[in-house]
K.L.:
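Please read through the structure below; I'll follow up with questions.
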Amino acid sequence: MGGRYSVDSSYDHPVLDLARLRVQVRPTGSFAVETPVTPGEPTSIAGLEIVVDPPDAGEVRWSVANAGDRDLELDAIALVWDAGAAGDDPRLFANGYQSWTPARTRRLGIDVDASRDPRPIPLVRAAFHADPGVAAPGELRSEQVAVLANGDRARLGIGFVGGAAHSGTVRVRVVDSRLEIAATAWFGGATLRSGERRVLHPIVIEEHDDPSVLLERWADRTGRVERARVDAPFLAGWCSWYHYFERVTERDILANLALADDWPFDVFQLDDGFQRAIGDWLQTNDRFPSGIEGVAGAIRASGRTAGLWIAPFLAAPESDIAAAHPEWLARAPEGESPAIGMYHDVWGGVMWQLDTTNPEVTDHLAATAAALVDAGYRYLKLDFTFSASMPGRFADPTRTPAERVRAGYDAIRRGAGDDVFILGCGAPLGALVGSVDGMRIGPDVAPWWEAPADAPERQPAYEETTPATKHAFVNTCTRSFMHRRLWSNDPDCIMLRNRETRLSPGEAARWAETVGASGGLVLVSDDLALIDTDGRRLLEQVLVRAREVDAVARAGSSPRARGLLDPEGPGGLSGA
Ligand code: 9PG
């Protein structure tokens, strides 16, 4: 965020009171302990030695070492400071952990972190937050970057420059009418070996009254440092999921391809439903008699890029991979059973988690990706990938949850090659800058605006993650600053059909126009036979708009959300 801080001899910082800085350590299975820390001087606490450098060019660099003679397990380490009087109507723009977690403004002292609701099972918390535990009373948190505000006026931005080594969570509370901020490196129980030192992601802090400016400057800096992949061409495409769901057949794909001749799709992407079992990605079920090669061949014969969905870090209990290599599965935190990566009714319940710290597993992921590329795919949607950060015991206990996710993606990139478009989905955002070409930045759309009260995916306290177009709209607006700074944003699919949907024509158009105004990927998810001339015309307009907005975003100006600091949610994107 800018380069405007100079380090003076008293280490003055406009928003970080370094004279009263504290460091907080949470060893695994124990309580947090805290001690004052002086920049430039090593501090000892809980067997660790922590060094916080004086701020330099707006960044606070820090590191942690295990100073003792035995290995330690660490949940979290935080820099904690007093950020001054809370003032009127204090708010936090809270970015969510993964693709589907909401990103929106919350009111400090009023809104409650979803993890404090006792109803969802702990697995749900682990899927949607970096730290699967329960937030402290009164605490709100934001992942990777946060904006503090009073009313609709921003006050300061705080961000972690990078996220591949550990997640960075900004926790905020009001204590005695003052703001307490804890910039937290999440280790998730990783082992720090005796004598080992780890450099933590630097923390940047900047003041501005416009929240978009703060978020954009953070993303500029992070994208630069992490070498974000921001040069992929603009993409328009077709995706099977939001019309056919898990019942998709090879005939559906061929029928849509046959109708698509004069449609402007670069990519044709087959989603969930082709595989014989979760984990066995090279084998199809009997709805796909021509196998993965047959589908890719048909798509390529039509002149398009073939795309495929996989959930690479999961294995169904009945999959071949789980039977052949039980040692590739992470083990549950306690007991001898495998660790859960996801619970998903549609797939039959519990899905196990592959251990991405095991070199055989990363070799397997690379080989699978290479085989998919050989079969003809040049676009891979990697889904449910938060699962590699779920709790468990791993071959290499020194790896943090973020490192486990990144190791899995790196393996797939290694196997797929540099030219394949990799789309992250259900993905911890912070760990993947520089890895993915595209990123799903919101929860699933659905052929309805608001989620029905009895939607099976609905989780108490996590309703904003339930598939619903309204929920995707929120994140498409609030995460617009990420587009072409961290990757290409994928807002999720548009639906243009006017039958077999509960979206009104007005709702479908509002969503499609928002996707266009985001400049991100434009993916259509319909049976093309159901789209009438109005729908087709709308797509042409959306594409014209999306290409324009994307070109401007590439040049450095992404679209901005209206009402980014509104606790009721954003109103839309600039120009939409
Ligand atoms: C395929 C889909 C699509 C979609 C992804 C992802 O919690 N759940 O039950 C749950 C189910 C599906 C889902 C997200 C969560 O959607 O975002 O685009 O690929 O998987 O299964």
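All heavy atoms count here, side chains included; hydrogens, waters and symmetry mates do not. Positions are given from 1, in the same order as the sequence printed here. In each ligand, atom 1 is the first atom listed, and ligand 1 is the first ligand listed.
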K.L.:
Can the ring centres of F384 and W347 be said to be less than 6.0 Å apart?
P.N.:
yes
K.L.:
Could you tell me whether some N/O pair between W241 and ligand 1 is separated by less than 3.5 angstrom?
P.N.:
no
K.L.:
Write out the residue and atom name of the closest protein heavy atom to atom 7 (O) of ligand 1, then the distance separating them to 0.1 Å.
P.N.:
M342 CE, 3.6 Å
K.L.:
Aromatic ring centroids of W281 and W309 under 6.0 Å?
P.N.:
yes
K.L.:
I want to know if ligand 1 touches W309 in the polar sense, i.e. an N/O pair below 3.5 angstrom.
P.N.:
yes
K.L.:
Starting from atom 21 (O) of ligand 1, which protein heavy atom do you reach first, and at what distance in Å?
P.N.:
D272 OD2, 2.7 Å
K.L.:
Measure the shortest side-chain to side-chain distance between P570 and V474 over non-hydrogen atoms and say whether it is less than 4.5 angstrom.
P.N.:
yes
K.L.:
Tell me the protein heavy atom at minimum distance from atom 16 (O) of ligand 1, and give that distance in Å.
P.N.:
D444 OD2, 2.5 Å
K.L.:
Is a side-chain N or O of Q275 found less than 3.5 angstrom from the main chain of G273, in a donor-acceptor match?
P.N.:
yes
K.L.:
So, for H129 and Y462, is the gap between ring centers shorter than 6.0 Å?
P.N.:
yes
K.L.:
Would the number of heavy atoms belonging to other residues, nucleotides or ligands and lying under 6.0 Å from CZ of R393 be above 12?
P.N.:
yes
K.L.:
Between F384, Y242, F128, flag the one that comes closest to atom 18 (O) of ligand 1 by a heavy atom.
P.N.:
Y242
K.L.:
Record the part of D383 in heavy-atom contact with ligand 1 below 4.0 Å; permitted values are side chain, backbone, both and neither.
P.N.:
side chain
K.L.:
Can R404 be said to sit on top of F394's aromatic six-ring, NZ or CZ under 6.0 Å from centre and within 45° of the ring axis?
P.N.:
yes
K.L.:
Given K381, H344, Q459, which one has a non-hydrogen atom that is nearest to atom 11 (C) of ligand 1?
P.N.:
H344
K.L.:
Could you tell me whether ligand 1 has any atom less than 4.0 Å away from a heavy atom of C425?
P.N.:
yes
K.L.:
Starting from atom 3 (C) of ligand 1, which protein heavy atom do you reach first, and at what distance in Å?
P.N.:
D271 OD1, 3.4 Å
